[in-house]
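In what follows, every heavy atom counts, from backbone to side chain, and hydrogens, waters and symmetry copies are set aside. All figures in this text were calculated on a predicted structure; none of them were measured in a lab.
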Amino acid sequence: MSNYIALDCVAHQNLKVCTQYDEVFGGNTNHALVFPTEFEVLHREYPIFFRRKETSGYYAICILGFDKNENLFLENGNWAARSIPAMFMRGPFALQLTHNENALQTEAEPIVMVDLDNARINPDVGESIFQAHGGYTPYFKEILQAMRKIHVGNQSTESFFAILDKFKLIEPIEIKVDMAEKGTYNIADLFTISRERLAELCSDELHELNSLGLLEHCFSVVSSAGNMSHLVNMKIRSSVSSKS
């Protein structure tokens with residue numbers, strides 16, 4: 001069970017956060033939910049694909065492993081990559097929208113929430129949230145950036161996929177990986193951006209995508225598929241290490 005309450009600089013001055021990534025903290029998963037706001041960074045290391053729910057439409061994921069509960073980027077409690085998906089980076093924190101009662105400000109304002117029942121939260125070990133003399137620590141400023149990516153990305157996801165659908169850029173794809181003695185892995189129910197259709201877009205369509213800031217996202221998704229070979233190599237090394 002979660003126990004989210006508003007983060008308070010007085011009440012939570014001495015809280016610390018364990019920054020390890022392992023099974024205890026929920027790091028053992030073979031994919032992560034990601035958002036268009038982080039494609040440009042994540043596409044350099046992770047394969048990014050789409051999935052679809054009948055009730056809510058498309059959403060993006062990055063592949064982390066092949067077997068259930070397998071995250072090939074975890075090494076001795078560390079995340080062995082230059083970038084970490086924002087949903088993992090945020091740890092026991094979240095942004096919650098609250099409506100400003102000021103008549104002149106009608107937009108929802110996010111407030112920072114902390115899950116006090118999360119296994120990462122404790123009074124003794126890990127990174128501090130607040131500095132001794134006030135203000136957030138450099139560690140927590142990175143967490144805030146991750147949460148903003150989630151917040152903004154969540155708001156833009158629907159429109160992003162609506163544009164892709166409008167230009168017929170989404171196509172299904174099935175990933176098959178032959179691991180020899182480990183067998184063949186089939187990752188089904190995936191979608192990606194069609195390279196062929198992207199190359200066929202006319203100048204007006206390309207201009208519209210670019211003016212909306214979405215063209216870069218499209219290229220990031222397309223190029224990210226090349227990371228599957230890197231993931232396969234990681235799986236092979238992991239299998240060899242487990243035997244030795």
- prompt: For the hydrophobic clusters of this structure (ILVMFWY residues joined by side-chain heavy atoms under 4.5 Å, transitively), does one cluster hold both Ile48 and Val232?
  reply: yes
query: What class does the angle between the rings of Phe93 and Phe140 fall in, given that below 30° is parallel, 30 to 60° is tilted and above 60° is perpendicular?
result: perpendicular
- request: Compare all side-chain heavy atoms of Phe161 with those of Asp165 and state whether any distance is below 4.5 angstrom.
  value: no
Side-chain donor-acceptor contacts of residues 2-18 below 3.5 Å, not counting sequence neighbours, with atom names and distances?
{"from": "Asp8", "atom 1": "OD1", "to": "Val10", "atom 2": "N", "distance (Å)": "2.8"}
{"from": "Asp8", "atom 1": "OD1", "to": "Ala11", "atom 2": "N", "distance (Å)": "2.7"}
{"from": "His12", "atom 1": "ND1", "to": "Asp8", "atom 2": "N", "distance (Å)": "2.9"}
{"from": "Gln13", "atom 1": "NE2", "to": "Gln131", "atom 2": "O", "distance (Å)": "3.2"}
{"from": "Lys16", "atom 1": "NZ", "to": "Ser128", "atom 2": "OG", "distance (Å)": "2.9"}

- request: Would you check if the side chain of Ser224 reaches a backbone N or O of Pro47 as a donor-acceptor pair within less than 3.5 Å?
  value: no
task: List the steps and the verdict of side-chain contact (heavy atoms from CB on, under 4.5 Å) for Met179 and Phe66.
output: CA-CA 10 Å; Met179 292 284 189; Phe66 297 98; 3.7 Å; yes
- request: List the atom of Trp79, the atom of Pro85, and the distance in Å for their closest heavy-atom pair.
  value: CZ2-CD, 3.6 Å
message: Which residue is it: Asp22, Asn30, Leu64? I am looking for the one with a side chain to side chain contact (heavy atoms under 4.5 Å, CB included) to Asn71.
response: Leu64
- prompt: Would you say Ile150 and Met87 make side-chain contact, with heavy atoms under 4.5 Å?
  reply: yes
- prompt: With hydrophobic residues grouped by side-chain heavy-atom distances under 4.5 Å, do Ile121 and Leu95 end up in a single group?
  reply: yes
- request: Might you confirm whether atom CD of Glu174 has over 12 heavy atoms from other residues, nucleotides or ligands at distances under 6.0 Å?
  value: yes
message: Once rounded to the nearest 0.5 Å, what's the spacing between atom CG of Leu201 and atom CD of Glu208?
response: 10.0 Å
field: Rounded distance (nearest 0.5 Å) linking atom CG of Asp189 with atom CZ of Arg51
entry: 6.5 Å
statement: Residues passing the ring pair (Phe, Tyr, Trp, His ring centres under 6.0 Å) test with Phe25, sequence neighbours excluded, are none
message: Apply side-chain contact (heavy atoms from CB on, under 4.5 Å) to residues Ile61 and Leu190 and explain how you reach the verdict.
response: CA-CA 9 Å; Ile61 64 169; Leu190 295 178; 4.1 Å; yes
Beyond-backbone contact of Ile163 with Leu209, side-chain heavy atoms, under 4.5 angstrom: yes
- prompt: Which atom names give the shortest non-hydrogen contact between His43 and Asn227, and what distance separates them?
  reply: O-ND2, 2.7 Å
- prompt: Atom CZ of Arg90 and atom CZ of Arg148: how far apart are they, to the nearest 0.5 Å?
  reply: 15.0 Å
query: Is the ring centre of Phe191 less than 6.0 Å from the ring centre of Phe50?
result: no
message: With a 6.0 Å cut-off (strictly less than), is the heavy-atom count around CG of Asn69, excluding the residue itself, greater than 12?
response: yes
message: Quick check: Tyr46 with Phe73 (ring centres under 6.0 Å apart)?
response: yes
- request: I would like to know whether Thr184 and Val177 meet side-chain contact (heavy atoms from CB on, under 4.5 Å); could you show each step before the answer?
  value: CA-CA 5 Å; Thr184 300; Val177 179; 6.0 Å; no
Distance in Å, Met89 CE paired with Leu144 CG, rounded so as to fall on 0.5 Å steps: 10.0 Å
- prompt: Between Lys166 and Glu205, does at least one N-O distance fall below 4.0 Å, as a salt bridge requires?
  reply: no
- request: Determine, using the 4.5 Å side-chain heavy-atom cutoff (strictly less than), whether Ile111 and Tyr136 are members of one ILVMFWY cluster.
  value: no
task: Check Ala32 against Phe88 and note the closest heavy-atom contact, atom names and distance.
output: CB-CE1, 3.4 Å
- request: Test His217 against Glu40 for side-chain contact (heavy atoms from CB on, under 4.5 Å), laying out the working first.
  value: CA-CA 7 Å; His217 295 340; Glu40 194 276 329; 5.6 Å; no
field: Asn118 and Leu116, any side-chain heavy atoms less than 4.5 Å apart
entry: no
- request: Any chance you could measure Leu231, atom CG, to Met234, atom CE, to the nearest 0.5 Å?
  value: 6.0 Å
field: Residue pair Glu45 / Ser83: nearest heavy atoms and the distance that separates them
entry: OE2-N, 3.1 Å
- prompt: Between Lys68 and Glu70, is the closest basic N to carboxylate O distance under 4.0 Å?
  reply: no
field: Connected via hydrophobic side-chain network under 4.5 Å: Phe39 and Leu206
entry: yes
task: Would you check if Leu164 and Ile193 make a side-chain contact, meaning some heavy-atom pair closer than 4.5 Å?
output: yes
task: Test the Arg120-Tyr21 pair against the cation-pi criterion, namely NZ or CZ under 6.0 angstrom from the six-membered ring centroid and within 45° of the ring axis.
output: yes
message: Using a 6.0 Å distance limit plus a 45 degree cone around the ring axis, check whether Lys53 lies over the aromatic ring of Tyr59.
response: yes
- request: State whether Asp67 and Lys235 are salt-bridged, where the test is any N-O pair (Lys NZ or Arg NE/NH1/NH2 against Asp/Glu carboxylate O) under 4.0 Å.
  value: yes
field: Interatomic distance, Cys218 atom SG to Leu169 atom CG [nearest 0.5 angstrom]
entry: 5.5 Å
query: Checking Glu38 side chain against Phe35 main chain: does a donor-acceptor pair fall under 3.5 Å?
result: yes
query: Do Val221 and Leu212 share a hydrophobic cluster (ILVMFWY, side-chain heavy atoms under 4.5 Å, transitive)?
result: yes
